[in-house]
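Residue numbers start from 1 in every chain, and the chains themselves are labelled A, B, ... in the order their sequence lines are given, proteins ahead of strands. Side chains included, hydrogens not; waters and symmetry mates left out as well; all remaining heavy atoms used.
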There are 2 protein chains.
Amino acid sequence: MNGRFPIAMHIMTLLCTADDYLSSDYMAGSINVNPVLVRKELSNLIKHQLITSREGKNGGYTLSKPATSISLASIYQSVKQGNVLGQAKNQPNPACPIGKQINNHLKDLDNEIEQAMLNKLGTTNLAAFCKKFD
Amino acid sequence: MNGRFPIAMHIMTLLCTADDYLSSDYMAGSINVNPVLVRKELSNLIKHQLITSREGKNGGYTLSKPATSISLASIYQSVKQGNVLGQAKNQPNPACPIGKQINNHLKDLDNEIEQAMLNKLGTTNLAAFCKKFD
DNA sequence: TTAATTGTAATATTTTTTATTACAGTACAA
DNA sequence: TTGTACTGTAATAAAAAATATTACAATTAA
């Protein structure tokens with residue numbers, strides 16, 4: 001259970017409400033995590049084309065498109081890793097008829113559940129989320 | 001991202017397909033994790049009244065009710081801990097207007113998403129899941 | 001009364017997450 | 001043209017979480 005989604009949401013909310021480029025140090029101060037961790041997440045959000053950056057003095061980060069066209073599902077997808085329902089580290093015993101198959105069935109289940117989550121997350125966009133902060 | 005849900009599902013599937021009490025050591029062998037970890041999860045599943053145990057020689061574990069009346073949502077709920085969408089370790093900066101409020105809004109969002117997951121998980125019961133292993 | 005088992009505590013190890021340090025590269029602005 | 005405020009990223013350290021191990025008391029069937 002890591003903090004990547006909350007951090008990404010915090011970043012996106014800050015950028016949504018800002019009317020100019022924000023620096024990673026400023027955002028790290030609001031989120032209260034190490035600036036390098038924020039920069040890594042910013043880097044990831046750039047890779048997923050949700051934000052853009054400007055280097056050099058007075059540089060920083062800004063949304064790459066209107067907040068109304070950024071769904072929370074796309075933010076989730078940019079930070080997601082592994083299974084929503086978790087994952088056992090070891091392979092189950094292949095000599096056991098249950099062990100042999102269960103990973104496939106659990107993976108199918110995980111996909112279904114993740115889809116349900118994404119559907120729900122897809123009903124809200126960043127602009128709507130930010131309205132809550134008025 | 002821990003393995004508690006997969007392990008609990010593996011346990012429940014084994015008990016569902018067994019026609020007698022199963023020992024924690026046998027289950028640990030199928031799951032391929034440490035027996036003590038399995039016993040801890042068994043202990044938790046007992047606490048949530050999904051299974052029962054019998055001590056002593058020829059002891060073990062069995063389902064406490066028909067597999068058709070055990071929904072996957074109840075299994076999920078018995079192992080769940082913390083937020084589905086994750087959680088940042090540090091408190092955001094309370095001096096920041098976003099930082100001050102974001103945890104509440106993220107918690108609301110988390111609740112919504114968890115509910116969507118539970119709704120979906122609630123559409124399947126253990127018996128149906130076990131049918132896949134035929 | 002022995003052997004197989006549950007139940008649980010204490011501790012160790014491994015893995016993951018987060019923090020820190022360091023510094024090269026970029027661009028604004030005096 | 002030089003200093004300063006940034007981005008970007010690598011390497012390492014520290015902290016936290018997950019899993020494994022050891023140990024043993026309590027229970028019960030045979």
If I take atom [atom1] from residue [X] and atom [atom2] from residue [Y], how far apart are they, to the nearest 0.5 angstrom?
X	Y	atom1	atom2	value
K132(A)	T13(A)	NZ	OG1	10.5 Å
N103(A)	N83(A)	CG	CG	9.0 Å
I75(A)	I51(A)	CD1	CD1	10.5 Å

Are [X] and [N] close enough that a side-chain N or O sits under 4.0 Å from OP1 or OP2?
X	N	value
S43(A)	dT7(D)	no
S53(B)	dG7(C)	yes
Y61(B)	dG7(C)	yes
N34(A)	dT20(C)	yes

Once you round it to whole Å, what is the distance between [atom2] of [N] and [atom1] of [X]?
X	N	atom1	atom2	value
L37(A)	dT16(C)	CG	C1'	13 Å
K89(A)	dA20(D)	NZ	P	6 Å
N58(A)	dA27(C)	CG	P	13 Å
R4(B)	dA18(D)	CZ	P	9 Å
D25(B)	dT6(C)	CG	P	7 Å
M27(A)	dA5(D)	CE	C1'	15 Å
K40(B)	dA10(C)	NZ	P	11 Å
K57(B)	dT28(D)	NZ	C1'	10 Å

Closest to side chain of S23(A), choosing from dC6(D), dA19(C), dT8(C):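 Nearest to the side chain of S23(A) among the choices is dC6(D).
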Between N44(A) and E41(A), is any side-chain donor less than 3.5 angstrom from a side-chain acceptor?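 Distance-only check passes for N44(A) and E41(A).
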Contact nearer the 5' end of DNA chain D, comparing L42(A) with A88(A):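 The residue mapped nearer the 5' terminus is L42(A).
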Mind checking I46(B) for me? I need base, sugar-phosphate or nothing, with any heavy atom below 4.0 Å counting as a touch.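 Sugar-phosphate: the residue I46(B), judged by heavy atoms under 4.0 Å, touches backbone atoms but no base.
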Hey, does V33(B) reach any base, or is it just sugar-phosphate, or nothing, if we go heavy atoms under 4.0 Å?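 The answer is sugar-phosphate, as V33(B) gets under 4.0 Å only of primed atoms, P, OP1 or OP2.
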Residues, nucleotides or ligands: over 12 heavy atoms within 6.0 Å of Y21(B) OH: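 Correct, the count exceeds 12.
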Of V36(A) and N2(A), whose nearest nucleotide on DNA chain C comes first from the 5' end?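 Here N2(A) is the residue nearer the 5' end.
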